[in-house]
Amino acid sequence: MAELSRREFAKLVAAVGAAASFSLQAHAATPTIAIQVGAVSFVDEGVASVLDRFQGDAGVNALLIATFSYGRGIAGRQIPGQPLPDHGKPEYDVNFHGGNYAHTHEQYYTHTSLKEIQAPDHPGFDVLASVLPEAKSRGIKSFCWYEDVFRSDLKGIERLQEVTLSGKKAGTLCFHNPEVQAFWQALTEDYIRSYPIDGIMWGSERQGPFGNAVAAAHGSSAHDPLLVTCFCNFCRQEAKSRGIDIQRTIEGYTNLAALVRESRAGSRPADGYFVSYWRLLVKYPEILAWEKLWNDGQHSTYRNIYKTAKSIRPEVEVGWHIWHNNSFSPFYRAEQDYADFRQYSDFLKVVMYNNCGGPRLASYVNSVSRTIFADFSPEEALGMTYNMQNYKEASLAELPRQGLSADYVERETRRALAGVGDRVKIWPGIDIDIPTGHDEKKTEPRDVREAVRAALHAGAHGVVLSRKYSEMRLANLRAAGEALRT
Ligand SMILES: [Zn+2]
């Protein structure tokens with residue numbers, strides 16, 4: 001396919017903004033076509049050629065550069081064991097480490113013991129210094145994209161880690177720990193003061209102890225309910241200030257863990273599963289009080305990052321990646337109140353990955369139908385989920401292979417827009433080649449075209465092509481551009 005010039009493409013994108021849907025006319029703006037991309041792609045393929053491809057093939061006008069993570073979900077090459085895509089260096093980065101892919105400016109990290117965060121993966125390569133000038137000259141916006149994923153072998157990290165119900169250190173960091181807040185503040189300040197970025201996006205794919213105890217998430221069917229967090233001294237202090245009885249909380253969660261284990265073992269209580277779970281919540285309201293305490297910590301992190309960013313440069317756009325579990329668990333969805341996000345968000349990237357959404361939703365229902373919804377078969381739990389979440393897709397037998405449809409993307413886009421009102425932009429996250437299991441749904445160009453169109457048709461202010469360029473196949477990336485042109 002012949003590549004369009006930048007100007008031609010800008011014209012086309014503007015035309016889509018004007019004509020694709022009635023709602024888009026109301027926004028009267030060019031949709032943001034963002035792509036998530038990690039440092040390794042620029043190192044492997046060169047900055048200019050990556051940007052040429054983004055503009056020419058997919059009409060990209062914003063980069064979400066994975067600047068900080070210890071996870072392979074957004075950084076690094078293709079996950080070992082998954083087929084390599086048709087671009088980039090054709091090998092796996094088995095020595096992937098992660099960290100900060102921009103230069104770390106020490107002066108900002110005085111209030112946290114976690115400061116040695118420089119990613120060793122590409123020595124001497126500063127992804128922001130390398131990409132920003134070229135992106136800017138092409139009129140592409142650049143955002144730092146960083147997430148709440150760590151490794152446990154980092155110097156100083158143990159002081160920041162959460163503590164489980166059973167008293168062990170967890171691999172996750174505690175939002176009520178001042179050093180954790182200081183860390184996110186430091187990283188945010190470092191990015192905004194050190195580089196002429198246009199915005200930031202932060203993500204935390206985690207939920208509170210109740211959701212984790214009942215394993216209400218995809219990929220969590222084997223979660224040990226005794227490992228829920230957080231019971232560190234900072235959280236205990238916070239609980240005290242709220243008048244929450246800590247001993248009663250621990251007792252409640254210990255009983256909850258026992259019930260989860262019995263449910264998984266298939267020993268049905270005389271009054272049934274759901275009644276037994278609900279009875280426990282009534283007997284120990286501390287269970288939900290602690291769930292709220294955890295959520296409040298996560299939301300105060302959003303608030304702190306927002307405040308830090310805006311106090312330095314008010315024009316910087318600040319937004320959040322909202323975890324896929326928002327589409328599955330009604331408990332998690334209840335805790336993601338779009339109206340609350342209005343207070344500290346310029347945009348939300350709501351994950352609406354419809355391809356991997358099939359296997360993930362199946363994984364979720366298989367998990368909860370062995371805990372809090374154990375009165376129901378997995379198929380029945382799926383039907384209940386469709387009713388609660390207001391979308392309807394394949395049967396459980398077909399779901400992992402079929403994925404979710406563009407109709408799901410459209411419905412979730414409308415829901416997000418209705419939730420945030422006028423002030424916050426919605427950029428649905430569209431999945432392109434996110435790895436799935438051997439027999440499970442793989443992304444095809446048609447899926448991408450339909451999902452992008454569905455999001456924009458529903459009135460989204462843009463889309464985020466996810467989750468990292470280094471795992472995307474080019475035909476699927478081009479399909480995003482095709483959706484804009486036709
Ligand atoms: Zn804590």
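Bear in mind the structure is a predicted one, so any value in this text is a computation, not a measurement. Numbers for residues simply follow the sequence, beginning at 1.
A donor-acceptor pair under 3.5 Å links the side-chain atoms of Y391 to the main chain of S327, judged by distance alone. A distance-only check finds no donor-acceptor pair linking the side chain of D190 to the backbone of A186 [under 3.5 Å]. When atom types are taken as modelled, the side chain of E440 and the backbone of C356 share no donor-acceptor pair closer than 3.5 angstrom. Looking only at distances, no side-chain donor or acceptor of T371 sits under 3.5 Å from a matching main-chain atom of V260. Side chain of S241 to main chain of E238: a donor-acceptor pair is present (N/O by atom type, distance under 3.5 Å, no hydrogens or angles). Remark: side-chain polar atoms of K441 are not paired, donor with acceptor, to backbone N or O of T436 under 3.5 angstrom. The closest donor-acceptor contact from the side chain of D121 to the backbone of H97 lies under 3.5 Å. In this structure, the side chain of N61 does not engage the main chain of T32 through any donor-acceptor pair within 3.5 Å. No side-chain donor-acceptor contact under 3.5 Å links K283 to the backbone of G252. Put simply, the side chain of R193 never gets that close to the backbone of I312: no donor and acceptor are under 3.5 Å apart.
Note: Y344 and Y302 have parallel aromatic rings, judged against thresholds of 30 and 60 degrees for the angle between ring planes. Ring pair F341/H299 is tilted by interplanar angle, where 30° to 60° counts as tilted. Using a 30° and 60° split on the angle between ring planes, H324 and Y408 fall in the tilted class, from 30° to 60°. The aromatic rings of F373 and F274 lie parallel to each other, with less than 30° between the two planes, well short of the 60° mark.
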What's the verdict on side chain to side chain contact (heavy atoms under 4.5 Å, CB included) for I372 and F210, showing C-alpha distance, side-chain angles and the deciding distance? CA-CA 11 Å; I372 192 164; F210 174 73; 3.9 Å; yes

Steps toward side chain to side chain contact (heavy atoms under 4.5 Å, CB included) verdict (K425, E317): CA-CA 10 Å; K425 285 181 266 186; E317 287 187 84; 2.8 Å; yes

From CA spacing to verdict: side chain to side chain contact (heavy atoms under 4.5 Å, CB included), N390, R415: CA-CA 10 Å; N390 193 31; R415 187 177 75 83; over 6 Å; no

Run the salt bridge (charged side-chain N to carboxylate O under 4.0 Å, His left out) check on R360 and D431 step by step: do they pass? CA-CA 13 Å; R360 286 180 178 187; D431 66 326; over 6 Å; no

Stepwise, does the salt bridge (charged side-chain N to carboxylate O under 4.0 Å, His left out) test hold for E412 with R333? CA-CA 12 Å; E412 276 297 273; R333 178 177 283 204; 3.0 Å; yes

Side chain to side chain contact (heavy atoms under 4.5 Å, CB included) assessment of N100 paired with L187: CA-CA 9 Å; N100 184 14; L187 192 62; 4.3 Å; yes

Check step by step if side-chain hydrogen bond (donor to acceptor under 3.5 Å, both in side chains) holds for T308 and E189. CA-CA 7 Å; T308 301; E189 187 168 359; over 6 Å; no

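H105 NE2: more than 12 foreign heavy atoms inside a 6.0 Å radius. Under a cut-off of 6.0 angstrom, the local environment of CZ in R159 is sparse, with at most 12 non-hydrogen atoms contributed by other residues, nucleotides or ligands. Residue Q82 qualifies as enclosed at atom CD: its count of foreign heavy atoms under 6.0 Å is above 12. More than 12 heavy atoms of other shown residues, nucleotides or ligands fall within 6.0 angstrom of atom NZ in K310. Residue-environment remark: NZ (K240) stays at or below the threshold of 12 foreign heavy atoms within 6.0 Å. Q343 CD: more than 12 foreign heavy atoms inside a 6.0 Å radius. The environment of CG in D153 is crowded: more than 12 heavy-atom neighbours from other residues, nucleotides or ligands sit within 6.0 Å.
A distance of 10.0 Å separates CD of E116 from OG1 of T104, quoted to the nearest 0.5 Å. Within the model, atoms OG1 of T413 and CD1 of I426 stand 8.5 Å from one another, a figure rounded to the nearest 0.5 Å. For the atom pair L348 CG and Q336 CD, the distance stands at 10.0 Å (nearest 0.5 Å). Here the straight-line distance linking atom CD of Q36 with atom CD1 of I430 works out to 11.5 Å at 0.5 Å rounding. If you take CZ on F183 and CG on L114, they are separated by 4.5 Å, rounding to the nearest 0.5 Å. Note that CG of L465 is 12.0 Å distant from CH2 of W427, once rounded to the nearest 0.5 Å.
In this view, F175 and W294 satisfy the ring-ring contact (aromatic ring centres under 6.0 Å, His included) rule, not counting sequence neighbours. Here D198 pairs with K136, K141, S142 under the side chain to side chain contact (heavy atoms under 4.5 Å, CB included) rule; sequence neighbours left out. By the side chain to side chain contact (heavy atoms under 4.5 Å, CB included) test, S367 pairs with A215, S220, S221, sequence neighbours left out.
Electrostatic pairing of R242 and D296 counts as a salt bridge here, judged by a charged N lying under 4.0 Å from a carboxylate O. One finds a salt bridge joining D224 and R261 here, because a Lys/Arg side-chain nitrogen approaches an Asp/Glu carboxylate oxygen to under 4.0 Å.
No hydrogens or angles considered: a donor-acceptor pair under 3.5 Å links the side chains of S263 and Y277. A donor-acceptor contact closer than 3.5 angstrom links the side chains of T301 and Q181.
At least one side-chain heavy atom of Y70 sits less than 4.5 Å from a side-chain heavy atom of I117. You'll find the side chain of L128 reaches within 4.5 Å of the side chain of I197, heavy atoms only. The side-chain heavy atoms of E291 and F331, taken from C-beta on, include no pair separated by under 4.5 Å.
You'll find the ring centres of F68 and Y101 outside the 6.0 Å limit. Centroid-to-centroid, the aromatic rings of F54 and Y469 come within less than 6.0 Å. When ring centroids are compared, Y146 and Y191 come within the 6.0 Å threshold. Aromatic ring centres of Y364 and Y332: separated by at least 6.0 Å. Taking the ring centroids of F347 and F143, they lie under the 6.0 Å cut-off. Taking the six-membered ring for Trp and the full ring otherwise, W320 and Y338 have centroids separated by 6.0 Å or more.
When all heavy atoms are compared, the tightest approach of P120 to G98 is CD-O, 3.7 Å. Here the shortest heavy-atom pairing between A239 and I246 reads CB-CG1, 4.2 Å. Between S69 and E147, the closest heavy-atom pair is OG-OE2, 2.5 Å. Closest approach of T254 and L165 over heavy atoms only: N-CD2, 4.0 Å. Shortest non-hydrogen contact noted between W145 and L64 is CD1-O, 3.7 Å. For the residue pair R467 and M472, the shortest heavy atom distance occurs at N-CE, 4.2 Å.
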